[in-house]
Amino acid sequence: MNLTHKFIIAIVLITSLVVSAFTYLQINEQKEILNNELNQRVSLIRSNLESNAKNNAISLKYEVENDIATFNFSHIDADFKNLVTKDEIDAIVLFNIDKTKELFAGQPYFKNFFPKNKIDSLTIREINNKNNFIISLPIVLNDKWGEMHIVYSLKQLKEEVKKAEENKKLKIQSSVRKAIFTSVVLASILLIFSYFFARKLISPILVLTDTAKEIASGNLDVSEKLSAIKSNDEIGLLATSFVEMAKQLDASYKELYVLNTNLENKTLELQELNASLEQRVAQKVAQITEQEKLMISQSRLAAMGEMMSMVAHQWRQPLATITLMIADEKIKSLVSSKESDETDKILDKISDIIIYLSNLINDFQTYFKPDKSTENISTALLIERMEQIIQTRIQYEKVQMHCEIGENVFIETYANEVVQVLINIVNNAIDILVERNQIDRHIWINIMHNSEHVTISVEDNGGGIANSIIDHVFDPYFSTKSKNGTGIGLYMAKMIIEKHIGGVLSVTNTKEGACFAITLPKRQNERGV
């Protein structure tokens with residue numbers, strides 16, 4: 001589809017939209033005028049109907065009052081029967097004041113519509129879903145004698161309304177046909193006009209389009225073809241610009257040829273420079289590699305310093321446990337004599353703790369060695385080893401330990417390091433319970449597992465960790481302990497579990513306190529560090 005066809009289609013669409021909108025507004029306006037006329041006609045007919053009904057009712061009222069005064073009720077009955085034969089009256093009734101005497105003529109259906117209240121003046125009300133209306137009048141002799149009610153039909157009014165509605169529809173249909181005819185004629189005229197106008201206006205643009213294609217294909221001699229465009233408007237200016245552009249492109253192509261020749265020469269020079277640059281880069285890479293090796297060596301020395309600080313921190317708790325056990329032993333020996341076998345048991349516990357400290361040093365020495373072997377151990381034995389180390393402190397601080405081991409599961413892991421992490425977490429829980437003066441001190445250890453992982457959770461009833469710091473408890477040197485805290489224990493525990501063993505160490509708050517969860521793989525495929 002070329003530009004001429006697009007232009008014609010656009011003109012036709014715009015014209016159609018404008019004509020359609022104008023037609024729509026005209027039809028709506030005609031509808032509104034006809035509706036107003038219909039409403040006025042209905043109101044006038046209704047008003048005339050009600051006025052005539054009132055006059056007839058008042059005239060009938062006077063006749064009825066005269067007949068009642070002369071006790072001529074048979075005449076009233078005859079008049080009533082004569083009235084209901086007319087199309088506009090469906091029923092009529094006359095009551096005395098206590099409604100003991102009644103004269104009725106017409107359809108019995110309307111008896112239920114007569115008003116129950118007393119009528120003191122002429123009233124009109126609609127009934128039967130606005131298909132009828134009742135005129136009610138009081139019958140007065142010297143005093144109020146009774147009431148008369150006349151049911152008028154609105155059939156005539158509805159027939160007039162129906163005729164008016166049909167007349168309105170016919171007028172609207174005629175208006176729509178006229179509007180459509182006008183729109184079609186106007187659109188046809190505009191289509192013819194737009195076609196010739198488009199040909200006149202767009203033909204130079206089509207010439208410019210063809211010229212642009214030729215320039216793009218490399219034919220820059222377009223001055224003769226564009227000389228046919230002689231208009232003084234923007235299109236003429238565009239044609240002149242195309243000629244100038246073709247001349248400049250021709251000059252640019254010639255200049256570009258010279259530049260390409262120079263560029264080829266420069267490319268040869270650049271290739272020679274690249275060859276020498278590769279040698280310089282290789283030398284620089286060798287220097288950087290040496291620097292990286294030096295940095296790695298320095299980082300290892302820094303890690304060793306940090307590990308030594310961690311060793312000191314991890315030795316504090318076992319040494320404190322030994323001190324408590326020796327002090328407890330001395331006190332008990334002073335108070336009462338004790339058999340040697342009990343003393344031997346205490347010394348055995350102290351020996352176990354010393355062995356644990358020795359193993360701890362070995363663990364730190366082999367922490368970064370890739371050939372360190374794993375151990376196939378049960379979760380129950382891991383908990384038992386931890387309890388043996390801190391049993392004395394648990395008893396001294398009066399902490400109740402609850403272990404829910406469930407099914408005894410075996411895992412392949414670095415056992416001493418897991419025990420070390422458990423001791424650190426349990427000792428921290430004891431510190432919190434003591435620091436916050438918790439009367440009932442409880443620690444729950446629960447073990448769960450699936451096909452691939454085992455999760456050991458340690459929960460206390462120490463009140464939990466503040467939400468503002470819970471995300472920082474595993475940061476190095478972050479501690480909430482005022483005196484003895486270094487902030488290394490939990491950082492080291494997370495590094496052991498996640499970097500070395502390949503598990504996950506996390507903490508959450510529960511209703512009772514804090515809960516640390518250690519998730520370990522059942523099989524140690526590769527070391528985390």
Side-chain angles (χ1 to χ4, degrees), residues 28 30-68 73-140 144-175:
N28 282 343
Q30 185 69 20
K31 283 183 179 179
E32 186 176 354
I33 293 172
L34 292 175
N35 284 330
N36 290 334
E37 290 179 356
L38 178 61
N39 292 333
Q40 290 176 3
R41 180 175 176 79
V42 171
S43 298
L44 181 60
I45 294 173
R46 185 182 184 88
S47 177
N48 292 335
L49 183 61
E50 289 182 356
S51 177
N52 292 333
K54 287 180 182 179
N55 294 332
N56 293 334
I58 293 172
S59 176
L60 181 61
K61 171 181 179 298
Y62 292 146
E63 293 180 8
V64 169
E65 288 174 348
N66 290 332
D67 289 338
I68 292 173
F73 289 98
S74 60
H75 184 264
I76 296 173
D77 185 52
D79 286 345
F80 281 5
K81 290 179 180 179
N82 184 45
L83 286 173
V84 295
T85 59
K86 299 180 178 180
D87 292 336
E88 65 268 19
I89 297 178
D90 290 331
I92 183 168
V93 67
L94 174 67
F95 296 110
N96 63 354
I97 196 164
D98 56 0
K99 298 189 178 180
T100 58
K101 185 175 182 60
E102 173 184 322
L103 288 176
F104 176 81
Q107 301 178 24
Y109 166 77
F110 293 99
K111 283 187 176 183
N112 295 327
F113 292 99
F114 295 128
K116 306 299 181 183
N117 300 328
K118 293 182 178 181
I119 303 299
D120 295 326
S121 61
L122 187 147
T123 60
I124 297 178
R125 68 184 183 93
E126 292 181 344
I127 61 170
N128 191 23
N129 293 327
K130 297 184 179 181
N131 288 322
N132 301 83
F133 66 91
I134 292 181
I135 294 182
S136 302
L137 306 96
I139 302 300
V140 181
K144 182 176 180 181
W145 182 87
E147 300 170 358
M148 183 174 63
H149 307 282
I150 306 172
V151 179
Y152 280 87
S153 173
L154 291 174
K155 185 187 300 181
Q156 180 183 355
L157 176 63
K158 291 184 179 294
E159 290 178 355
E160 291 291 337
V161 171
K162 184 177 180 181
K163 291 179 181 178
E165 287 281 356
E166 292 176 353
N167 186 36
K168 183 187 76 170
K169 289 180 181 179
L170 293 174
K171 290 183 178 179
I172 291 174
Q173 290 174 358
S174 177
S175 298

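Residue numbers run from 1 in the order of the sequence given.
Residues E147 and I139 approach most closely at C-CG1, 4.0 Å, considering heavy atoms. Of all non-hydrogen atoms in E65 and V140, the two that sit nearest each other are OE2-N, 3.1 Å. Taking both residues in full, the closest heavy atoms of L154 and N132 are given as CD1-N, 4.0 Å, listed atom of the first, atom of the second, then distance. Scanning all heavy atoms of the two residues, the minimum distance from V84 to A91 falls at CG1-CA, 4.1 Å. Listed here is the closest heavy atom pair of E102 and V93: CG-CG2, 3.8 Å. When every heavy atom of F113 is checked against every heavy atom of I134, the shortest pair comes out as O-CD1, 3.4 Å.
Looking at heavy atoms from C-beta onward, P138 lies out of side-chain contact with D120 at the 4.5 angstrom threshold.
Judged by distance alone, the side chain of N82 and the main-chain N or O of A78 form no donor-acceptor pair under 3.5 Å. The backbone N or O of I135 lies less than 3.5 Å from no partner atom in the side chain of K54, so there is not a single donor-acceptor pair. At least one donor-acceptor pair under 3.5 Å links the side chain of N36 to the backbone N or O of E32.
Atom NZ of K144 has more than 12 heavy atoms from other residues, nucleotides or ligands within 6.0 Å. The number of heavy atoms from other shown groups lying within 6.0 Å of CD (E166) is above 12.
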_Walk me through whether L94 and I68 qualify under side-chain contact (heavy atoms from CB on, under 4.5 Å)._
CA-CA 11 Å; L94 174 67; I68 292 173; 4.2 Å; yes
_Pair D67-F73, side-chain contact (heavy atoms from CB on, under 4.5 Å): steps then yes or no_ = CA-CA 6 Å; D67 289 338; F73 289 98; over 6 Å; no
*Given I92 and L60, is the side-chain contact (heavy atoms from CB on, under 4.5 Å) satisfied, shown in steps?*
CA-CA 11 Å; I92 183 168; L60 181 61; 3.5 Å; yes
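Applying the ring-ring contact (aromatic ring centres under 6.0 Å, His included) test to pairs two or more places apart or on separate chains, those with a residue in residues 147-175 are F95-H149, F114-H149, F133-Y152.
Interatomic distance, L83 CG to N56 CG, rounded to the nearest 0.5 Å: 8.5 Å. Atoms CG and CD, from D79 and E63 in turn, are 6.0 Å apart once rounded to the nearest 0.5 Å. In this structure, CD1 on I89 lies 10.5 Å from OG on S153, to the nearest 0.5 angstrom.
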